[in-house]
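For reference, the structure is listed below as C-alpha cells.
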Amino acid sequence: MRSRHKAWAKPYLEAHDELVLPSIEAGNPFFKASPLYLEIGMGKGDFILGLASKKKGHYLGLERDLSVLGVAAKKIIDAPEASSIRLRGEDFDFLFEEELKGLTFDAIYLNFPDPWPKKKHGKRRLTFAPRLSNILSLLKPGGRFYFKTDAEALFAFTVEESLPALKGVRLIEKTDDYVFDEVEDAMSEYEKKKRQMGLPIHRLILEKE
C-alpha cells in the first residue's frame, strides 16, 4: 500500500541532515564504528529504534519513500538512540552502485519488503537473486543477513529460487513460524499488526563465509 504524500517531509528531512544524510560517504567517522548495522526499507523506524535500544552499535536505515522516512525521522530525532542512527532516503539499487560499496556491515536486516506478488514482477523483489547477492556483498565475513516476511510466496521464492543461486553464504535458519526473540530482535509497526492478527512470520538467516 502506498503511503499518503506528506508535503512537509522533504523540507523536514533536509533541515535535519545531522540525522538524515544527503549522501553516504564511506569516510564519515560514523561508519568507522563497529559493529555497524544496515536496515533496508526501514519504514516508520520502529525496528531500527527498537534494535538500537537493545544492541550497541551504529545503524544506517534506508527508505526510498520520503513521506515514510519523514515519519521515521520525527520519531527518531529526539530518541536517546538518535546519536547511533543515520538515515538515507533513496532506492537500494542506486545506493549500491553509487554510495554503499565502500562500507561493510556486521548485519543487514530486511523486514517485510514489498512482495511484488505477480510472477512477472519477480525481478523487482529485493530478494531477487542478483539483488540479494549485491546486498550480501556488503556483509563482513561472518556477518549475517536477516529477512522477515509474512508473504508466503515471497519467502518460497527467496528460498527456492534465489538461495540456490547465491555463493559464499551459508544457511543459518529457515523458519515458517518464527517465534519472536525478545532479546536479539525488534518489531516494526507492520510486524506488530500481523502478529496481532495471528499470522505466521517467516524468517531466514544467512551468514557470509
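- Annotation: the span from E63 atom CD to L13 atom CG amounts to 10.5 Å, rounded to 0.5 Å.
- Transitive grouping of hydrophobic side chains (ILVMFWY, heavy atoms separated by less than 4.5 Å) keeps I205 and V169 in distinct clusters.
- Linking Ile, Leu, Val, Met, Phe, Trp and Tyr residues whenever their side-chain heavy atoms come within less than 4.5 Å leaves L110 and V68 in two separate clusters.
- Side-chain contact between L132 and L126: absent, with no pair of heavy atoms (C-beta onward) separated by less than 4.5 Å.
- Checked by atom type and distance alone, the side chain of K208 pairs as donor or acceptor with a backbone atom of S137 at under 3.5 Å.
- Under the ring-ring contact (aromatic ring centres under 6.0 Å, His included) criterion, the residue pairs touching residues 126-152 are Y109-Y146, with sequence neighbours excluded.
- Annotation: side-chain contact (heavy atoms from CB on, under 4.5 Å) contacts of R86 (sequence neighbours excluded): L21, F30, L60.
- Residues W116 and F157 do not share a hydrophobic cluster, clusters being chains of Ile/Leu/Val/Met/Phe/Trp/Tyr side chains in contact below 4.5 Å.
- Side chains of E191 and N111: no donor on one and acceptor on the other come within 3.5 Å.
- For residues 74-94, the pairs satisfying ring-ring contact (aromatic ring centres under 6.0 Å, His included) are F92-F96, with sequence neighbours left out.
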**OP:** Output, in order, the C-alpha distance, side-chain angles, deciding distance and verdict of side-chain contact (heavy atoms from CB on, under 4.5 Å) for R144 and I172.
**Re:** CA-CA 9 Å; R144 290 189 172 187; I172 301 298; 3.7 Å; yes
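- With a 4.5 Å cut-off between side-chain heavy atoms of Ile, Leu, Val, Met, Phe, Trp and Tyr, the cluster of L199 takes in M197.
- At a threshold of 4.5 Å between non-hydrogen side-chain atoms, the residues L38 and L139 do not count as touching.
- Minimum interatomic distance between A151 and P115 (heavy atoms only, all atoms of both residues): CB-CB, 3.8 Å.
- In this structure A186 satisfies the side-chain contact (heavy atoms from CB on, under 4.5 Å) test together with F47, L51, sequence neighbours excluded.
- In the hydrophobic clustering (ILVMFWY side chains linked at under 4.5 Å, chained through shared members), I201 is joined by F112, Y178, F180, M187, Y190.
- Between K54 and D185, no side-chain nitrogen of the basic residue sits less than 4.0 Å from a carboxylate oxygen of the acidic one, so the salt-bridge criterion is not met.
- Judged as a salt bridge (Lys or Arg N to Asp or Glu O under 4.0 Å), not a single pair has a partner in residues 116-127 (not counting sequence neighbours).
- For D91, the side-chain contact (heavy atoms from CB on, under 4.5 Å) partners two or more places apart in sequence, or in a different chain, are R64, D93.
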Show which side-chain atoms of residues 73-83 pair as donor or acceptor with protein atoms under 3.5 Å away, not counting sequence neighbours.
from, atom 1, to, atom 2, distance (Å)
K75, NZ, K44, O, 3.1
K75, NZ, D46, OD1, 2.7

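- The main-chain N or O of F31 is never found under 3.5 Å from a side-chain atom of N28 such that the two would form a donor-acceptor pair.
- Using a 4.5 Å heavy-atom threshold, the side chains of S188 and M42 count as separate.
- For P35, the side-chain contact (heavy atoms from CB on, under 4.5 Å) criterion is met by Y37, D106, not counting sequence neighbours.
- Of the inter-residue distances, the one linking L62 atom CG with L100 atom CG reads 6.0 Å to the nearest 0.5 angstrom.
- Atom-to-atom distance recorded for L69:CG and K6:NZ is 11.5 Å, nearest 0.5 angstrom.
- Using a 4.5 Å heavy-atom cutoff, the side chains of L138 and L103 are not in contact.
- Sorted by first and then second residue, the pairs that involve residues 94-103 and meet side chain to side chain donor-acceptor pair (under 3.5 Å), not counting sequence neighbours, are R88-E99, E97-K101.
- Nearest heavy atoms, A52 versus S84: CB-OG, 4.1 Å.
- With values rounded to the nearest 0.5 angstrom, I135 atom CD1 is found 9.5 Å from S133 atom OG.
- At a threshold of 4.5 Å between side-chain heavy atoms, the hydrophobic network of Ile, Leu, Val, Met, Phe, Trp and Tyr places I24 and Y59 in two separate groups.
- Counting heavy atoms of neighbouring residues, nucleotides and ligands inside a 6.0 Å radius, atom NZ of K140 exceeds 12 of them.
- The side chain to side chain donor-acceptor pair (under 3.5 Å) contacts involving residues 161-176 comprise R170-E207, E173-R203, D176-H202, where partners must be two or more places apart or lie in separate chains.
- One distance of note links CD1 of I85 with NE2 of H58; it measures 10.0 Å at 0.5 Å rounding.
- Contact detail for G43 and A72: the closest heavy-atom pair is O-CB, 3.5 Å.
- Between the side chain of D181 and the backbone N or O of E184 there is at least one donor-acceptor pair closer than 3.5 Å.
- At least one side-chain heavy atom of P113 sits under 4.5 Å from a side-chain heavy atom of L154.
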